[in-house]
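I have placed the structure first, in the form of structure tokens, so that the comments after it can refer back to it.
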Amino acid sequence: MTGTSRHVAILLATYNGARHLPEQIESIVSQTHGDWTIHVSDDGSSDQTLAILLDYRERLGAERLVLWDGPRAGYSRNFMSMLHREGIDGDYIAFSDQDDIWDPRKLEIALAAVAELPAEEPSLYCGRSRLVDDEGVAFGMSPLFARRPSFANALVQSLAGGNTMLLNRRARELMCRARADARVVSHDWWAYLVVSGAGGHVVYDREPTIGYRQHAENVIGSNAGIGARMRRMADMVGGRHREWNDANIALLVGMTDDLSADNRHRFERFVRGRNRWLLPRIVAFARAGLYRQTTIGNAGLVLAALLGRL
């Protein structure tokens, strides 16, 4: 056992989320693991979100629910700002969206999955989601990924939603290699990149522990279904992934000393290969061992590589 302290700092980003926010907070309050603090960073809500939060702060106590002003620059910047705040402390960090529904044992299960891992090494728990509609009724699941998590996968794909994640202190430190105001494509993808890149532990849970709400106001939305897979392939072939990779690479260049030796070489091959002509590019990507989690995803990866869109 690496230690008995298991305080979880729950980072909840809000923006005009009054409709579903109470249900999410109630699901946190109902957790079987009770050692937590909710840190809420609000990005300038104009609905009843702040009134709801103030009411819960009065009910739970200011030491259990802490309010912060967000940077008002989008969800990813909001989460990154909380990671950098000195006033937010925890043995573990859990990201929370404002409109999900956590299963009662979500934190308990996540903590059990990483309990035996060395505290000095970065660890990340993540997993599948149960898809629920606007009324909270389940209608499906996020994709089941069978291939092992790795940096070779993280370079070209984000594995799981941030709302499923639990990170230890070392993983948080690595995420903070990116400044609070840096261009981070997505905080969850960044978490996967830095933890896997440093040779840390990524635990992917095939059993969902949250209800991930799908509705018109979702910032990202579901990644399930053929339509979503086709959209991802279009993004990759169309060049959007290349823009995302540019941003990820710019951040990773500043922390190459944190990467394991093997992953440092993998990263160098990936970066060099992106700007070479066809044959050397394909060779570089093959040596980097890049892969996505599904057959369709890998087909898109190959096509994007051929077209120079990675």
Side-chain angles (χ1 to χ4, degrees), residues 6-14 17-40 52-53 56 59-60 64-65 75 79 82 90-117 123-146 149 158-168 171 186-188 191-192 195 201-215 217-225 228 293:
R6 301 196 304 167
H7 180 74
V8 181
I10 300 170
L11 310 188
L12 171 57
T14 60
R19 179 175 180 184
H20 298 296
L21 182 59
E23 188 173 12
Q24 169 64 331
I25 295 179
E26 289 294 339
S27 75
I28 294 173
V29 173
S30 300
Q31 290 297 297
T32 55
H33 177 82
D35 188 2
W36 47 259
T37 300
I38 305 173
H39 294 271
V40 186
I52 293 169
L53 293 171
Y56 271 102
R59 288 170 52 188
L60 299 174
R64 292 281 267 172
L65 193 150
Y75 76 98
F79 280 116
M82 285 189 276
D91 302 297
Y92 296 92
I93 294 290
F95 298 118
S96 172
D97 291 346
Q98 64 187 1
D99 52 4
D100 296 331
I101 310 167
W102 285 11
D103 293 0
R105 296 183 62 233
K106 177 189 189 298
L107 292 179
E108 178 188 345
I109 290 170
L111 288 165
V114 299
E116 300 298 328
L117 300 177
S123 64
L124 166 64
Y125 167 92
C126 61
R128 298 182 77 188
S129 302
R130 184 183 311 105
L131 306 179
V132 301
D133 65 17
D134 202 51
E135 302 303 320
V137 178
F139 67 88
M141 305 268 275
S142 66
L144 174 61
F145 295 143
S158 182
L159 184 68
N163 52 4
T164 70
M165 290 182 171
L166 183 86
L167 306 95
N168 69 353
S186 177
H187 63 290
D188 43 22
Y192 184 31
V195 173
H201 306 273
V202 180
V203 179
Y204 175 77
D205 195 340
R206 297 185 173 199
E207 296 298 324
T209 59
I210 71 162
Y212 178 24
R213 199 182 303 269
Q214 306 296 299
H215 53 79
E217 290 77 29
N218 264 12
V219 175
I220 298 178
S222 171
N223 63 349
Q293 289 286 337

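Note that the structure is a prediction, hence the values are computed from the model and not measured.
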> Should R213 and E23 be marked as a salt bridge (Lys or Arg N to Asp or Glu O under 4.0 Å) after you check the CA-CA gap, both sets of side-chain angles, and the distance that decides it?
Replying inline: CA-CA 11 Å; R213 199 182 303 269; E23 188 173 12; 2.8 Å; yes
> Can you list the steps and then say if Q98 with V40 is a side-chain contact (heavy atoms from CB on, under 4.5 Å)?
Replying inline: CA-CA 10 Å; Q98 64 187 1; V40 186; over 6 Å; no
> Given W102 and V29, is the side-chain contact (heavy atoms from CB on, under 4.5 Å) satisfied, shown in steps?
Replying inline: CA-CA 10 Å; W102 285 11; V29 173; over 6 Å; no
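Looking at H33, its side chain never comes within 3.5 Å of a backbone N or O of A110 through a donor-acceptor pair. Between the side chain of Q293 and the backbone N or O of F145, no donor-acceptor pair lies under 3.5 Å. The main-chain N or O of D97 is never found under 3.5 Å from a side-chain atom of N163 such that the two would form a donor-acceptor pair. No donor-acceptor pair under 3.5 Å is formed between the side chain of R128 and the backbone N or O of P208. The backbone N or O of L12 sits nowhere less than 3.5 Å from a side-chain atom of S96 that would complete a donor-acceptor pair. A donor-acceptor pair is defined here as one N or O able to donate and one able to accept, closer than 3.5 Å; such a pair exists between the side chain of S142 and the backbone of S129. Without hydrogens or angle criteria, T164 side chain to G127 main chain gives a donor-acceptor distance under 3.5 Å. S30 contributes no side-chain N or O that, together with a main-chain N or O of S27, makes up a donor-acceptor pair within less than 3.5 Å. Under the 3.5 Å distance criterion, the side-chain polar atoms of D103 are left unmatched by any main-chain donor or acceptor of R105. A donor-acceptor pair is defined here as one N or O able to donate and one able to accept, closer than 3.5 Å; such a pair exists between the side chain of D205 and the backbone of E207.
Residues V203 and L166 fail the side-chain proximity criterion, which asks for heavy atoms closer than 4.5 Å. L107 places a side-chain heavy atom less than 4.5 Å from the side chain of I10. H201 has its side chain out of reach of Y125: every pair of non-hydrogen atoms, C-beta onward, lies at least 4.5 Å apart. Taking 4.5 Å as the limit, every side-chain heavy atom of L167 sits out of range of all side-chain heavy atoms of V114. When side chains are defined from C-beta on, Y204 does not count as touching L124, because their heavy atoms never get closer than 4.5 Å. The closest side-chain heavy-atom distance from K106 to I28 is not below 4.5 Å.
Heavy atoms only, all atoms of each residue included: C126 and M165 are closest at CB-CG, 3.9 Å. Summarising the geometry of F79 relative to L11, their closest heavy-atom pair is CE2-O, 3.3 Å, with the distance given to 0.1 Å. Closest non-hydrogen pair, A94 versus V8, comes out as CB-CG1, 3.9 Å. The two residues S123 and N168 make their nearest non-hydrogen contact at N-OD1, 3.1 Å.
A donor atom on one side chain and an acceptor atom on the other are not found under 3.5 Å apart for D91 and H7.
The aromatic rings of F95 and H187 stand perpendicular to each other, their planes meeting at an angle above 60°, with 30° marking the opposite boundary.
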